[in-house]
Amino acid sequence: MSNVRVRFAPSPTGMLHIGGLRTALYNYLFAKHHGGAFVLRIEDTDQKRYVAEAEEDIIKSLNWAGMTIDEGPGKNGNFGPYRQSERSEYYQKYAAQLIQQDQAYYAFDTTEEIEDMRARLQKSGNPSPKYDAITRMSMKNSLTLPADEVNRRMESNEDFIVRLKVPRRETIRFEDEIRGFVSFESQGLDDQVLLKSDGLPTYHLANVVDDHLMEITHVIRGEEWLSSAPKHILLYEYLGWKPPKMAHLPLIMSPKGGKLSKRNAEELGIPVNVRDYVKGHYEPEALINFLAFLGWSPGDDREVFSMDELIKEFSLERIGKGGAIFNHSKLIWYNEHFLRSIPEDELLPRVKLQADEAGYAGFTDDYLKQVILLMKERASLLPEFIIHGAYFFEEPKEYDEKTVKKAWKENTPELVGLFRDQIAELDDHNFKATEIKQRLSAIVEEQGIGFGKLMQPVRLAVTGIGFGPDLFETMELLGKDKVISRLDNAVENL
RNA sequence: GCCGCGUUCGUCUAGUGGCCUAGGACGCCGCCCUUUCACGGCGGUAGCACGGGUUCAAAUCCCGUACGCGGUACCA
């Protein structure tokens with residue numbers, strides 16, 4: 001396939017959503033797989049819901065995730081401008097053409113009048129009243145009003161909209177790349193608004209005009225668009241254009257049911273905005289890999305892919321049809337996986353930043369690197385190096401209750417004291433894991449007790465909690481002074 | 001309600017009529033490793049929504065039912 005061009009066309013009504021990122025990803029993978037172009041188009045035709053910061057957030061999020069756009073706002077290709085608010089002339093032009101062809105018309109009805117019509121029809125037994133081939137003839141529009149009145153209304157700047165003249169009975173059939181042939185009866189469609197009274201186009205018109213003008217070959221979008229696809233097909237037909245291939249992606253669902261929305265996701269502690277994943281220090285590769293597998297699979301048992309591998313393997317045919325529930329724990333698994341594959345040197349600056357933010361200053365790179373080495377197998381998310389390893393940076397502020405109960409017995413202070421005195425005799429340069437362990441073992445043997453009887457209390461005293469990396473390595477890294485003082489503190493306070 | 005789309009372990013999925021007594025991964029459980037926790041290794045748990053066809057043979061094809069989801073705006 002050559003000259004593939006796809007677009008990601010978000011509406012800047014808020015921060016980029018995780019579902020939007022997946023749509024972008026599938027578009028990106030498809031484009032790159034075919035050596036085609038990935039276009040970003042900003043669909044800012046809804047003035048009421050417009051959010052100024054959204055566009056920047058979208059671009060930043062895409063970049064963070066490793067997707068670079070080939071064309072878009074700030075990256076002009078030959079098909080700009082890439083914001084729909086800057087393309088008004090095109091929509092006006094093609095709306096006018098449709099009117100001239102008698103495939104669209106002006107309408108002057110107020111919202112109340114339309115509501116009245118619906119209410120009236122509903123009362124008389126029509127369960128789903130529409131502004132359609134039948135009802136349009138009893139409304140105020142350029143099909144029912146005399147020409148001079150239409151002109152008068154337009155000239156006196158009265159509000160008007162342009163509606164698509166949907167045929168009364170026609171079967172609209174098209175082939176979806178994921179679902180196969182889908183067909184709709186035009187009876188079920190209403191006379192879609194094409195141009196709103198503010199002069200801006202609705203999604204349907206803008207989308208069709210732009211996809212054509214931008215020479216988009218494949219429209220890959222969420223399943224929520226499937227029902228409006230027939231309207232788009234009609235528009236392509238009337239405008240005399242060949243429709244692009246269409247692929248409607250299965251939706252990402254909430255574990256609670258329904259499509260994953262801001263509300264039902266946040267209730268479950270699932271971050272919804274890409275920005276939240278950035279702030280939460282997720283690895284972009286993990287999110288991408290996870291998202292790619294939400295609705296797609298390579299067909300074999302491989303699970304971990306880089307972006308390049310995804311590009312190589314991706315195909316529309318391998319996308320599933322059913323909605324996929326967002327599985328947070330699998331994402332975490334991916335994150336752990338990628339986190340562990342990052343070399344210490346690369347992790348260092350990032351962990352350092354985390355330490356700084358937590359107010360842990362004055363630690364050398366060498367020290368930090370040791371912490372990373374010790375903590376790496378234990379962290380799921382980057383911030384956990386610091387959160388779960390706080391004792392590498394400060395004295396334990398408190399002691400974990402459960403562990404205290406389990407490990408700190410009556411004779412413990414005495415044992416810990418014994419251990420303290422033993423290691424106090426070690427020179428600074430001899431304060432090594434093996435040496436420390438030897439001392440502890442000696443006491444355990446001498447006292448005839450289990451290893452854990454002493455090790456657990458020491459761990460508790462030094463770290464405040466009952467789990468963590470090798471205790472002796474930890475103590476070596478902490479250094480003699482800190483260890484001794486923590487041991488003393490614990491004996492005194494527990 | 002109407003229109004459309006879906007439905008394989010709890011979850012993501014493999015499966016395109018015989019290779020399926022349905023494979024992998026996450027989760028969960030157990031064992032091993034480790035005198036902690038994790039990592040790692042090994043093993044276990046659990047699924048073709050239901051009912052009819054078609055066929056020598058159906059998770060796979062057809063019809064129906066149920067359930068889920070989407071749409072039904074001068075929002076995208």
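Below, chains carry the letters A, B, ... as their sequence lines are ordered, and counting in each starts from 1.
Taking atom P in both B/rG43 and B/rC26, the straight-line distance is 14 Å, to the nearest Å. Taking atom P on both nucleotides, B/rG6 is separated from B/rU60 by 16 Å, rounded to a whole Å. B/rA46 and B/rU11 have their C1' atoms separated by 12 Å, given to the nearest Å. Comparing the same atom, C1', in B/rA58 and in B/rG51 gives a spacing of 15 Å after rounding to whole Å. Taking atom C1' in both B/rC37 and B/rG44, one finds a spacing of 23 Å when rounded to whole Å. Straight-line distance between the C1' atoms of B/rC62 and B/rA25: roughly 34 Å, to the nearest whole Å.
Regarding contacts with the backbone of B/rA14, a side-chain N or O of A/Ser297 is found under 4.0 angstrom from either OP1 or OP2. For the pair A/Thr45 and B/rA76, the criterion of a side-chain N or O lying under 4.0 Å from OP1 or OP2 is met. Residue A/Lys48 places none of its side-chain N or O atoms closer than 4.0 Å to OP1 or OP2 of B/rC74. Applying the 4.0 Å criterion to OP1 and OP2 of B/rC69, one finds that A/Lys321 has every side-chain N and O outside that range.
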| query | A/Phe392 and A/Phe385: side-chain contact (heavy atoms from CB on, under 4.5 Å), yes or no, with the steps? | reply | CA-CA 10 Å; A/Phe392 285 113; A/Phe385 280 96; over 6 Å; no
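In this structure, A/Pro469 reaches the bases: a heavy-atom distance under 4.0 Å links it to at least one base atom across the strands shown. Within the 4.0 angstrom heavy-atom criterion, only backbone atoms of the sugar-phosphate kind lie near A/Ile325; the bases stay farther away. Counting any heavy atom pair closer than 4.0 Å across all strands shown, A/Lys376 reaches no nucleic acid atom. Among the atoms of the strands shown, base atoms are found under 4.0 Å from some heavy atom of A/Tyr203. Nucleic acid contact class of A/Gly222 (heavy atoms, under 4.0 Å, all strands): none. Residue contacts for A/Glu43: at a heavy-atom cut-off of 4.0 Å it reaches the sugar-phosphate backbone alone, with no base atom in range. If you check every strand for non-hydrogen atoms under 4.0 Å, A/Gly450 touches nothing. When heavy atoms are screened at a 4.0 angstrom cut-off, A/Arg318 is found touching the sugar-phosphate backbone but no base atom. Across all strands, A/Lys437 comes closer than 4.0 Å only to sugar-phosphate atoms, never to a base (heavy-atom distances). Residue A/Asp46 is classed as a sugar-phosphate contact, given heavy-atom separations below 4.0 Å to backbone atoms only. Looking at heavy-atom distances under 4.0 Å, A/Asn207 makes no contact with the nucleic acid at all. The residue A/Asp109 sits close to a base: some heavy atom pair falls under 4.0 Å. Using a 4.0 Å heavy-atom cutoff across all strands shown, A/Val444 reaches no nucleic acid atom at all. Base contact: A/Ser227 has a heavy atom under 4.0 Å from a base atom.
Rounded to an integer number of Å, the gap from A/Ile178 CD1 to B/rG70 P is 17 Å. A/Phe290 places its CZ atom 14 Å from the P atom of B/rU11, with the value rounded to the nearest Å. Atom C1' of nucleotide B/rG27 and atom NE2 of A/His328 are separated by 13 Å, given to the nearest angstrom. Protein atom CZ of A/Phe305 is 14 Å distant from nucleotide atom P of B/rU13, rounded to whole Å. Separating the CH2 atom of A/Trp225 from the C1' atom of B/rG71 is a distance of 10 Å, rounded to the nearest angstrom. Atoms NE2 (A/His337) and C1' (B/rC26) sit 13 Å apart, rounded to a whole Å. Counting to the nearest Å, the P atom of B/rG15 and the CH2 atom of A/Trp296 are 12 Å from each other.
By the 4.0 Å N-to-carboxylate-O rule, A/Lys321 lies too far from A/Glu223 to be salt-bridged with it. Using a 4.0 Å cut-off between a side-chain N of Lys or Arg and a carboxylate O of Asp or Glu, A/Arg378 and A/Glu384 do not qualify as a salt bridge. Salt bridge status for A/Glu309 with A/Lys312: absent, with no side-chain N to carboxylate O gap under 4.0 Å. A salt bridge is defined here as a Lys NZ or Arg NE, NH1 or NH2 lying under 4.0 Å from an Asp or Glu carboxylate O, and A/Glu185 with A/Arg169 fails to meet this definition.
Under the 3.5 Å distance criterion, the side-chain polar atoms of A/Arg163 are left unmatched by any main-chain donor or acceptor of A/Leu194. The backbone N or O of A/Tyr334 lies less than 3.5 Å from no partner atom in the side chain of A/Asn289, so there is not a single donor-acceptor pair.
In this entry B/rC39 has no Watson-Crick or G-U wobble partner, no candidate having both defining distances under 3.5 Å. Both distances falling under 3.5 Å, in either a Watson-Crick or a G-U wobble arrangement, occur for no nucleotide opposite B/rU60. Pair check for B/rC20 finds none; no Watson-Crick or G-U wobble contact set falls under 3.5 Å. Base pairing analysis places B/rA14 opposite nothing; no Watson-Crick or G-U wobble pair with both distances below 3.5 Å involves it. Of all nucleotides present, only B/rG4 satisfies the Watson-Crick or G-U wobble test against B/rC69, with each distance under 3.5 Å. As the counterpart of B/rU54, no nucleotide is assigned, since no Watson-Crick or G-U wobble pattern has both distances under 3.5 Å.
When all heavy atoms are compared, the tightest approach of A/Pro167 to A/Leu234 is CD-CD2, 3.8 Å.
Map A/Leu331 and A/Phe293 each onto its nearest nucleotide of RNA chain B; the residue landing nearer the 5' end is A/Phe293. Summary of the strand contacts: A/Phe467 and A/Gly320 both lie near RNA chain B, and taking for each the nucleotide with the nearest heavy atom, the more 5' one is attributed to A/Gly320.
Looking at A/Arg179, its side chain has no donor and acceptor atom pair within 3.5 Å of the base of B/rC5. A/Ser197 contributes a side-chain N or O that forms a donor-acceptor pair with the base of B/rC74 under 3.5 Å.
Listed nucleotides B/rG70, B/rC37, B/rG24 differ in distance to A/Arg378; the shortest reach to its side chain belongs to B/rC37. Residue A/Ser128 has its side chain nearest to B/rG1 when only B/rC39, B/rG1, B/rA25 are considered. Comparing B/rC69, B/rU36, B/rC12 against the side chain of A/Leu294 picks out B/rC12 as the nearest. Considering only side-chain atoms of A/Arg340, the nucleotide from B/rC5, B/rG24, B/rC39 that sits closest is B/rC39. Here the nucleotide nearest the side chain of A/Glu223, chosen from B/rC26, B/rC74, B/rG4, is B/rG4. Considering only the side chain of A/Leu251, B/rG70 comes nearest among B/rC12, B/rG23, B/rG70. With distances taken from any side-chain atom of A/Val193 to the nucleotides B/rA76, B/rC74, B/rU36, the minimum falls on B/rC74. Comparing atom distances between the A/Glu224 side chain and each of B/rG70, B/rC39, B/rG4 picks out B/rG70 as nearest. Residue A/Lys259 has its side chain nearest to B/rG71 when only B/rG71, B/rA76, B/rU36 are considered. Comparing B/rC5, B/rC39, B/rU35 by their nearest atom to the side chain of A/Leu226 picks out B/rC5.
Taking the side chain as every heavy atom from C-beta outward, A/Phe305 and A/Pro298 approach each other to under 4.5 Å.
Remark: ring of A/Trp333 does not overlap the six-membered base ring of B/rC26 in a stacked fashion, as centroids less than 5.5 Å apart with planes less than 30° apart are not both met.
Taking the six-membered ring wherever Trp is involved, the centroid distance between the rings of A/Phe314 and A/Trp296 falls below 6.0 Å.
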